[in-house]
A.B. asks: 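The structure is given below, and queries will be raised subsequently.
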There are 2 protein chains.
Amino acid sequence: MFFMPYPAKLSAEAVLDAAQRLLEHSGPDALTMRALADALGVRPSSLYRHFSSREVLLRALGDQAALNLKDQVLDAAEGLAPRAALLAAAQAYLAYTRTHPHLYALLLTKENDLPLEHLQHSPGKILWNTLLLLIGRLSGDPDDTDHAVAFWTFLHGFASLEAAGTFGQSGPKRGFEVGLEALFNHMEEVGQAGKS
Amino acid sequence: MFFMPYPAKLSAEAVLDAAQRLLEHSGPDALTMRALADALGVRPSSLYRHFSSREVLLRALGDQAALNLKDQVLDAAEGLAPRAALLAAAQAYLAYTRTHPHLYALLLTKENDLPLEHLQHSPGKILWNTLLLLIGRLSGDPDDTDHAVAFWTFLHGFASLEAAGTFGQSGPKRGFEVGLEALFNHMEEVGQAGKS
DNA sequence: GTCTATAGAGGGATAGAC
DNA sequence: GTCTATCCCTCTATAGAC
């Protein structure tokens with residue numbers, strides 16, 4: 001092993017870490033193979049030993065983000081009563097979208113065209129099942145798809161509008177809390193009454 | 001006027017129309033000055049007589065979209081009782097995002113960095129005021145910012161998740177209607193009780 | 001007002017040497 | 001596994017002729 005003309009500098013993890021930093025710091029358009037290579041101190045072509053294309057790399061980032069988001073949501077809800085758990089989960093979800101806006105955007109735009117077999121265990125599906133679980137504890141229905149859709153819709157909508165700067169200088173006031181209260185009330189009311 | 005070596009083929013309206021068709025048919029990345037020129041049967045440089053840059057053109061498209069969306073929402077709510085009007089408005093909003101997904105995306109990503117003086121009468125603000133008006137009729141508060149934020153958040157979140165294909169093959173079930181019901185109930189309950 | 005021609009910059013990806 | 005070198009493509013925008 002005396003000759004090492006080109007010693008290994010990269011690993012898939014190192015590339016992903018640098019890509020994540022670059023993405024969060026400068027946005028998706030700045031995440032080019034050239035810029036990423038510069039950040040890692042290698043030549044662009046070296047990256048293709050670890051990711052066969054930029055698109056594959058982006059999907060890996062998105063999958064990783066989905067799992068991290070799920071973990072933070074689950075941790076926040078841990079040990080709390082159903083309604084408090086959902087509120088904490090919502091706040092954790094929002095906190096993630098604020099600290100990782102570009103990763104979060106990747107998460108929802110790169111969830112398409114999968115081979116359907118593995119779609120059941122995709123990171124996005126795992127996140128969905130986590131929300132479903134927390135909601136079931138409040139509404140009493142362990143498969144309360146309707147409320148889960150409404151809840152996720154609300155969380156994503158708020159994160160998205162906030163990131164786009166739509167709320168403007170006046171801010172969203174207490175719209176987030178008010179909307180959650182409306183949804184939670186509805187979950188509690190309809191829960192024991194069965195499906196309408 | 002016997003010599004017309006290069007007769008006028010374009011107008012700002014014609015360019016906008018073609019741009020809108022190209023955008024909706026093939027997505028934002030396909031809306032390049034080259035492709036737009038091809039669609040109009042002219043050379044790319046000719047477009048710059050009517051729009052000084054691609055960004056200016058995109059903003060014009062977005063502003064136009066915001067006004068069209070507002071019109072459709074307002075028309076749908078016309079003559080209905082407060083709660084029915086809000087439901088109709090929500091359905092009209094969603095119908096627009098389904099028929100013009102890419103225009104709708106422009107609407108919310110190009111609302112930034114304005115000269116603040118004209119921000120009060122921007123198309124986005126006009127749309128916001130329309131929602132605020134309809135909500136005031138149900139909650140009794142003519143400036144019910146919190147519920148308006150929650151309502152818009154929900155509409156945008158649903159449109160966005162649907163467009164991203166997040167709901168998957170099973171679809172959102174009745175999550176849309178359930179979420180709206182929760183929000184409307186909350187508006188009615190809190191309306192006469194004053195702000196919490 | 002449209003044309004030709006081009007400047008000027010950027011990107012993804014590959015072949016073959018080491 | 002990384003390197004050099006390069007191919008190929010994309011795009012926005014401008015100068016000056018007509």
Side-chain angles (χ1 to χ4, degrees), chain A residues 1-63 102 105-106 109-110 112-113, chain B residues 1-63 102 105-106 109-110 112-113:
Chain A
M1 276 292 213
F2 267 63
F3 294 114
M4 307 171 68
Y6 294 115
K9 303 180 187 176
L10 299 177
S11 65
E13 292 72 28
V15 173
L16 276 180
D17 280 8
Q20 175 165 344
R21 273 191 293 274
L22 191 54
L23 174 68
E24 284 306 347
H25 189 270
S26 308
D29 289 348
L31 179 47
T32 67
M33 300 304 263
R34 289 167 142 84
L36 181 55
D38 278 353
L40 285 161
V42 298
R43 295 296 177 176
S45 58
S46 305
L47 298 173
Y48 291 87
R49 283 284 160 187
H50 303 273
F51 293 92
S52 61
S53 74
R54 180 175 181 270
E55 209 170 328
V56 167
L57 197 161
L58 288 182
R59 182 179 296 277
L61 276 180
D63 286 355
H102 295 117
L106 258 194
T109 51
K110 292 288 170 184
N112 312 336
D113 46 287
Chain B
M1 278 294 209
F2 267 65
F3 294 115
M4 306 172 67
Y6 294 115
K9 304 181 188 177
L10 299 176
S11 65
E13 291 73 28
V15 173
L16 276 180
D17 279 8
Q20 176 165 342
R21 272 191 293 273
L22 190 54
L23 174 67
E24 283 307 346
H25 189 269
S26 308
D29 290 348
L31 178 48
T32 67
M33 299 305 262
R34 293 169 188 274
L36 182 54
D38 278 353
L40 286 160
V42 298
R43 294 298 176 174
S45 58
S46 305
L47 299 173
Y48 291 87
R49 285 283 160 189
H50 303 274
F51 292 92
S52 60
S53 75
R54 180 175 182 270
E55 209 169 327
V56 167
L57 197 162
L58 287 182
R59 182 179 295 280
L61 276 180
D63 287 354
H102 295 117
L106 258 195
T109 52
K110 291 288 170 186
N112 311 338
D113 47 288

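Residue numbers start from 1 in every chain, and the chains themselves are labelled A, B, ... in the order their sequence lines are given, proteins ahead of strands.
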A.B. asks: Could you note down all residue pairs passing side-chain hydrogen bond (donor to acceptor under 3.5 Å, both in side chains) where residues 4-25 of chain B supplies at least one of them, sequence neighbours left out?
C.D. replies: B:Q20-B:Q64
A.B. asks: Angle, rounded to 10°, between the helical axes spanning five pairs at each terminus of the helix from C:dG1-D:dC18 to C:dC18-D:dG1?
C.D. replies: 0°
A.B. asks: Please report the closest heavy-atom contact between B:F51 and B:A60, naming both atoms and the distance.
C.D. replies: CE2-CB, 4.1 Å
A.B. asks: Would a 4.5 Å heavy-atom cut-off, applied to side chains only, mark A:L31 and A:S26 as touching?
C.D. replies: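 SC-SC contact between A:L31 and A:S26 ruled out.
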A.B. asks: List the residues meeting side-chain contact (heavy atoms from CB on, under 4.5 Å) with B:A35, not counting sequence neighbours, and say none if there are none.
C.D. replies: B:L22, B:T32
A.B. asks: Short of 4.0 Å, heavy atom to strand atom, which residues of residues 19-37 of chain B count as contacting DNA chain C?
C.D. replies: none
A.B. asks: Atom CG of B:D38 to atom C1' of D:dC11: distance rounded to whole Å?
C.D. replies: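 After rounding, the gap between these two atoms is 13 Å.
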A.B. asks: Just how far is it from atom CG of B:L16 to atom CG of B:L10, taken to the nearest 0.5 Å?
C.D. replies: 11.5 Å
A.B. asks: What are the two closest non-hydrogen atoms of B:V42 and B:L47, and how far apart are they?
C.D. replies: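 It is CG2-CD2, 4.4 Å.
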A.B. asks: Listed by chain and number, what are the side-chain contact (heavy atoms from CB on, under 4.5 Å) partners of A:R43, not counting sequence neighbours?
C.D. replies: A:S45, A:S46
A.B. asks: Please round to the nearest 0.5 Å and tell me the distance separating atom CG of B:L23 and atom CG of B:L61.
C.D. replies: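 So the gap between those two atoms works out to 6.5 Å.
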A.B. asks: May I have the distance from B:L58 (atom CG) to D:dC11 (atom C1'), rounded to whole angstrom?
C.D. replies: 13 Å
A.B. asks: Looking at OG1 of A:T109 and CZ of A:R59, how far apart are the two atoms once the value is rounded to the nearest 0.5 Å?
C.D. replies: 9.5 Å
A.B. asks: List the atom of B:P28, the atom of B:H102, and the distance in Å for their closest heavy-atom pair.
C.D. replies: CD-CD2, 3.5 Å
A.B. asks: Would you tabulate the nitrogen or oxygen pairs shorter than 3.5 Å linking the protein to nucleotides 1-5 of chain C?
C.D. replies:
unit_1 : atom_1 : unit_2 : atom_2 : d
C:dT2  : OP1    : B:K9   : N      : 2.9
C:dT2  : OP1    : B:L10  : N      : 2.8
C:dT2  : OP2    : B:H50  : NE2    : 3.0
C:dC3  : OP1    : B:K9   : NZ     : 3.2
C:dC3  : OP2    : B:R43  : N      : 2.6
C:dC3  : OP2    : B:S46  : OG     : 2.8
C:dC3  : N4     : B:S45  : OG     : 3.3
C:dT4  : OP2    : B:R43  : NE     : 2.6
C:dT4  : O4     : B:S45  : OG     : 2.9

